[in-house]
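Please read the structure below before turning to the comments.
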Amino acid sequence: QVQLIESGGGVVQAGGSLRLSCVASGRTFSAYVMAWFRQAPGKEREFVVVISRGGTVSNYADSVKGRFTVSRDNAENTVYLQMNSLKPEDTAVYYCAAAHTGGRTKGDYDYWGQGTQVTVSS
């Protein structure tokens with residue numbers, strides 16, 4: 001079992017930045033592919049980014065490419081999402097997720113955090 005706890009959400013003006021963190025407890029963090037998803041009100045949960053177990057490979061949704069950066073620190077059991085040049089359409093609850101093998105589909109992931117709210121005002 002893996003427990004995931006996100007933090008770092010908040011309210012920011014358009015053009016601003018936030019850094020989300022997701023701390024994992026339980027089994028070996030480095031054994032898991034980690035991803036971030038987000039869900040806006042009335043919409044489906046959508047993929048944002050996935051990062052490989054070693055942190056060397058990542059894959060972004062087109063909507064965030066060039067603005068968001070994912071990283072992980074396996075020694076600290078933490079994955080980060082640096083979000084720059086935020087837009088109102090980035091407003092959503094952001095979730096981190098873990099899986100032994102995972103891609104861009106939410107069904108790939110076995111473990112989820114509780115989410116952290118990001119609100120971008122115009």
Side-chain angles (χ1 to χ4, degrees):
Q1 191 77 6
V2 174
Q3 293 81 42
L4 303 172
I5 299 176
E6 302 99 333
S7 62
V11 180
V12 63
Q13 288 190 332
S17 298
L18 282 174
R19 188 193 197 202
L20 306 183
S21 300
C22 173
V23 179
S25 61
R27 297 184 179 180
T28 307
F29 180 68
S30 60
Y32 291 88
V33 171
M34 299 297 297
W36 288 94
F37 288 77
R38 66 186 182 185
Q39 188 166 16
K43 295 189 175 182
E44 293 287 322
R45 191 170 299 189
E46 66 174 8
F47 168 79
V48 176
V49 61
V50 57
I51 186 167
S52 63
R53 298 175 194 83
T56 57
V57 179
S58 56
N59 188 295
Y60 294 86
D62 288 344
S63 59
V64 306
K65 201 173 294 184
R67 301 187 297 121
F68 290 12
T69 303
V70 67
S71 61
R72 66 189 293 165
D73 184 339
N74 286 346
E76 297 294 329
N77 286 6
T78 304
V79 60
Y80 303 97
L81 184 64
Q82 178 67 43
M83 305 186 296
N84 298 330
S85 302
L86 282 161
K87 304 175 181 180
E89 51 264 43
D90 294 318
T91 295
V93 177
Y94 283 71
Y95 298 89
C96 69
H100 285 294
T101 57
R104 301 167 67 102
T105 304
K106 56 183 182 288
D108 293 343
Y109 294 87
D110 305 304
Y111 304 103
W112 293 84
Q114 82 290 349
T116 185
Q117 176 71 47
V118 171
T119 302
V120 184
S121 61
S122 56

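Positions are given from 1, in the same order as the sequence printed here. The analysis underlying the following values was restricted to heavy atoms, covering all of them including side chains, and did not include hydrogens, waters or symmetry mates. A quick note: this is a predicted structure, and the numbers were derived from the prediction, not measured.
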Can you measure from [atom1] ([X]) to [atom2] ([Y]) and round to the nearest 0.5 angstrom?
{"X": "W36", "Y": "F47", "atom1": "CH2", "atom2": "CZ", "answer": "13.0 Å"}
{"X": "R72", "Y": "S58", "atom1": "CZ", "atom2": "OG", "answer": "11.5 Å"}
{"X": "Y32", "Y": "H100", "atom1": "OH", "atom2": "NE2", "answer": "3.5 Å"}
{"X": "S122", "Y": "Q13", "atom1": "OG", "atom2": "CD", "answer": "9.5 Å"}
{"X": "S25", "Y": "Q1", "atom1": "OG", "atom2": "CD", "answer": "9.5 Å"}

Note to self: Pair R53, S30 - check side-chain contact (heavy atoms from CB on, under 4.5 Å), show working.
What the structure shows: CA-CA 5 Å; R53 298 175 194 83; S30 60; 5.6 Å; no

Looking only at heavy atoms, what is the nearest atom pair of [X] and [Y], with distance?
{"X": "Q82", "Y": "S17", "value": "NE2-CB, 4.0 Å"}
{"X": "V79", "Y": "M34", "value": "CG1-CE, 3.9 Å"}
{"X": "L4", "Y": "A98", "value": "CD1-N, 3.9 Å"}
{"X": "G102", "Y": "V33", "value": "O-CG1, 3.9 Å"}

Notebook entry, point to check: Under a single-linkage definition using a 4.5 Å side-chain heavy-atom cutoff for Ile, Leu, Val, Met, Phe, Trp and Tyr, are W112 and V48 assigned to the same hydrophobic cluster?
Noted result: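 The answer is no; the residues belong to distinct hydrophobic clusters.
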
Is there a donor-acceptor pair closer than 3.5 Å between any side-chain N or O of [X] and the backbone N or O of [Y]?
{"X": "Y109", "Y": "G103", "value": "yes"}
{"X": "N77", "Y": "F29", "value": "no"}
{"X": "T91", "Y": "V120", "value": "yes"}
{"X": "E6", "Y": "Q114", "value": "yes"}
{"X": "Y95", "Y": "Q39", "value": "no"}

Check: Can you list the residues that meet the side chain to side chain contact (heavy atoms under 4.5 Å, CB included) rule with T78, with sequence neighbours excluded?
Finding: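 Side chain to side chain contact (heavy atoms under 4.5 Å, CB included) list for T78, sorted by chain: S21, V23, E76, Y80.
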
Checklist line | With sequence neighbours excluded, residues passing salt bridge (charged side-chain N to carboxylate O under 4.0 Å, His left out) with K65 | finding: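 Partners of K65 under the salt bridge (charged side-chain N to carboxylate O under 4.0 Å, His left out) test: D62.
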
Margin query: Does any part of the side chain of V50, heavy atoms only, come nearer than 4.5 Å to the side chain of F37, both counted from C-beta?
Written below: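 F37 does not reach V50 side chain to side chain.
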
Next item on the list: Sort out for me which residue in T56, V70, V57 forms a side-chain contact (heavy atoms from CB on, under 4.5 Å) with I51.
Entry: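 Result for side-chain contact (heavy atoms from CB on, under 4.5 Å) with I51: V70.
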
Note to self: Exactly one of V93, T116, V64, V118 should register a side-chain contact (heavy atoms from CB on, under 4.5 Å) with R38. Which one does?
What the structure shows: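 When side-chain contact (heavy atoms from CB on, under 4.5 Å) is applied between R38 and each of V93, T116, V64, V118, only V64 qualifies.
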
Next item on the list: Under the side-chain contact (heavy atoms from CB on, under 4.5 Å) rule, what do M83 and Y94 come out as? Steps first, then yes or no, please.
Entry: CA-CA 11 Å; M83 305 186 296; Y94 283 71; 3.9 Å; yes

